[in-house]
Each structure stands twice: as structure tokens, then as C-alpha cells.
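Encoded as C-alpha cells, the structure appears first; notes follow it.
Remember, predicted model here, so these are calculated numbers, not experimental data.
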Amino acid sequence: MAKLRSIGVFCGSATGRSPAYVTAARSAGKAIADRNCRLVYGGGDVGLMGQAAHSALESGGKVLGVIPEFMIKTEGLYEEAETRIVTTMSIRKNMLIEESDAFLIMPGGVGTLEEIFDVLSRQRLSQHDKPVAFLDVEAFWEPFFKLLYRTEQEGFTPDGFHDHVSVHTEAGEAIDHLLGKLGD
């Protein structure tokens with residue numbers, strides 16, 4: 001029996017201004033469930049992360065949410081999902097990374113950026129070799145990749161570091177790429 005793969009999803013606790021973000025989040029949740037993977041996320045019932053989790057469960061998938069207790073007041077708790085309540089943001093992030101075999105990154109704010117940099121830094125330091133894919137909805141991540149490339153040009157990041165992540169415009173394509181990197 002094949003191992004259940006878990007895709008960590010990092011994205012906003014808000015939905016953003018463009019309806020395309022919600023559409024992408026729901027597509028990602030469905031794509032993860034359709035490929036018999038578990039969606040691992042921040043545990044809230046709001047924003048893009050809530051949309052992705054709802055869509056995964058609606059599509060018959062499994063969902064694990066990890067949320068600090070103090071955030072339940074602001075982000076809610078998605079009662080239908082398996083949830084682990086922790087005490088700090090650091091514990092949350094460590095558990096999200098530990099429970100995930102790969103990462104899908106969608107539009108989000110400073111919390112999402114913090115998660116991205118942690119995952120990429122750990123990858124750079126050989127603390128994990130888990131694939132990372134960005135879902136680039138409406139060119140949201142274009143400025144981020146310009147900055148990342150600039151850090152390479154200026155010698156602060158090893159040449160080719162950005163080659164360890166992939167960029168996609170379709171959720172299903174991103175999930176298929178991640179699963180292809182994981183193999184059996």
C-alpha cells in the first residue's frame with residue numbers, strides 16, 4: 001500500500017482582492033484530494049487556507065490543521081478537519097513542515113512569507129529535501145522571484161538556488177509536479 005502523501009499548503013488567512021485567489025485555493029484543495037493526498041495547513045477556517053481545506057474535504061480528501069490556541073479567536077477552527085492545537089507559532093510551523101512531504105505556496109501575506117523563508121532556508125541548510133512549488137496566481141510571486149534572483153546575482157544566495165522550486169499557474173499541474181518529485 002502506497003504511503004499517504006501530505007502536501008503542506010502555505011497561503012493567506014485572508015482571501016485577497018482578486019476572486020482568482022479563492023478559485024486557485026479551492027482548485028488546490030480539490031487537486032490534493034483528487035490525488036489521494038492529505039492537505040496540511042494552518043488550521044484556520046478563514047481566507048485562502050480555509051477555502052483550500054474546505055475544498056479538500058468536500059472532495060473526499062484528508063486534512064490536517066495545526067493552529068495555536070490563541071489564534072482560534074481570530075482564524076476560527078475548522079471543526080470537520082483533523083486539528084492539532086499548539087501553544088506557539090514556532091511549534092505550529094515546525095509541525096506543518098514535519099507533517100508535509102512537499103509544499104505548495106499560494107498568495108499570502110507576511111505569515112506566508114515567513115513560512116516560505118523558513119522552508120527555503122531549511123532546504124538551503126540541508127535540513128530537508130522536500131519539493132516546493134509556487135502557485136503563481138495572476139503573477140503574484142513575480143516580485144518575490146525577482147528578489148530571490150537578485151540575492152543570487154549579488155552573491156548572497158548560491159547560484160541556482162531558485163532552481164530548487166517550481167512555479168505553476170494551475171493547481172493540478174503544481175501538485176502533479178510535487179508528486180513526481182516525491183516518486184514512490
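- Nearest heavy atom pair, residue Ala24 against residue Ala171, reads O-CB, 4.3 Å.
- Between Glu75 and Arg92, at least one side-chain N (NZ, or NE/NH1/NH2) sits under 4.0 Å from a carboxylate O, which counts as a salt bridge.
- Heavy atoms only, all atoms of each residue included: Ala52 and Leu39 are closest at O-CD1, 3.8 Å.
- Hydrophobic clustering (side-chain heavy atoms under 4.5 Å, transitive across Ile, Leu, Val, Met, Phe, Trp, Tyr) keeps Val9 apart from Met71.
- In terms of heavy atoms, Lys30 sits closest to Ser59 at CG-OG, 3.4 Å.
- Leu96 and Ile85 are assigned to two separate hydrophobic clusters, defined by single-linkage of ILVMFWY side chains at heavy-atom distances under 4.5 Å.
- At distances below 3.5 Å, not a single donor-acceptor pair connects side-chain atoms of Ser6 with backbone N or O atoms of Ser100.
- Counting heavy atoms from C-beta on, the side chains of Pro68 and Ile91 never come closer than 4.5 Å.
- Evaluation of the side chain to side chain donor-acceptor pair (under 3.5 Å) test over residues 40-51, restricted to residues two or more places apart or in two chains, returns Arg26-Gln51, Asp45-His54.
- Taking hydrophobic clusters as Ile, Leu, Val, Met, Phe, Trp and Tyr residues chained together by side-chain heavy-atom distances below 4.5 Å, Leu120 shares a cluster with Val167.
- Residues Leu179 and Cys37 share a closest heavy-atom pair of CD2-SG, 3.6 Å.
- A single hydrophobic cluster is seen to contain both Leu104 and Leu113, as judged by linkage of ILVMFWY side chains at heavy-atom distances under 4.5 Å, directly or through other members.
- Between the CZ atom of Arg5 and the CD1 atom of Ile175 there is a distance of 13.0 Å, given to the nearest 0.5 Å.
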List the steps and the verdict of side chain to side chain contact (heavy atoms under 4.5 Å, CB included) for Phe145 and Val165. CA-CA 10 Å; Phe145 283 107; Val165 301; 3.6 Å; yes
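- Interatomic distance, CD of Glu173 versus CG of Leu178, reported as 10.5 Å (0.5 Å rounding).
- Counting only residues at least two apart or on different chains, the ring pair (Phe, Tyr, Trp, His ring centres under 6.0 Å) pairs with a member in residues 109-130 are Phe103-His128, Phe117-Phe144.
- When side chains are defined from C-beta on, Leu64 counts as touching Glu99, because their heavy atoms get closer than 4.5 Å.
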Checking Met106 against Val137 for the side chain to side chain contact (heavy atoms under 4.5 Å, CB included) test, could you report, in this order, the C-alpha distance in whole Å, the side-chain angles of both residues, the deciding distance, and whether it holds? CA-CA 8 Å; Met106 296 185 293; Val137 182; 5.8 Å; no
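- If you take CD1 on Ile105 and CG on Asp136, they are separated by 11.5 Å, rounding to the nearest 0.5 Å.
- Counting only residues at least two apart or on different chains, the side chain to side chain donor-acceptor pair (under 3.5 Å) pairs with a member in residues 140-151 are Arg150-Glu154, Thr151-Thr157.
- Residue-environment remark: CD (Glu170) stays at or below the threshold of 12 foreign heavy atoms within 6.0 Å.
- Interatomic distance, CG of Asp129 versus NZ of Lys181, reported as 9.0 Å (0.5 Å rounding).
- Side-chain contact between Val22 and Leu48 is present, with at least one heavy-atom pair separated by less than 4.5 Å.
- Put simply, CD1 on Ile7 and CG on Asp101 are 7.0 Å apart, with the number rounded to the nearest 0.5 Å.
- The neighbour count for Glu114 CD, taken as heavy atoms of other residues, nucleotides or ligands under 6.0 Å away, is above 12.
- Within 6.0 Å of the NZ atom in Lys93, the count of heavy atoms belonging to other residues, nucleotides or ligands exceeds 12.
- Panel note: side chain Arg35, backbone Ala31; a donor-acceptor pair is recorded below 3.5 Å.
- The nearest pair of heavy atoms linking His177 to Ser166 is CD2-OG, 3.0 Å.
- The number of heavy atoms from other shown groups lying within 6.0 Å of CZ (Arg124) does not exceed 12.
- The backbone N or O of Ile97 sits less than 3.5 Å from a side-chain atom of Lys130, completing a donor-acceptor pair.
- Tracing side-chain contacts under 4.5 Å through hydrophobic residues (I, L, V, M, F, W, Y), one reaches Leu148 starting from Phe140; they form part of the same cluster.
- For the atom pair CD1 (Ile67) and CE (Met89), the distance works out to 9.0 Å, reported to the nearest 0.5 Å.
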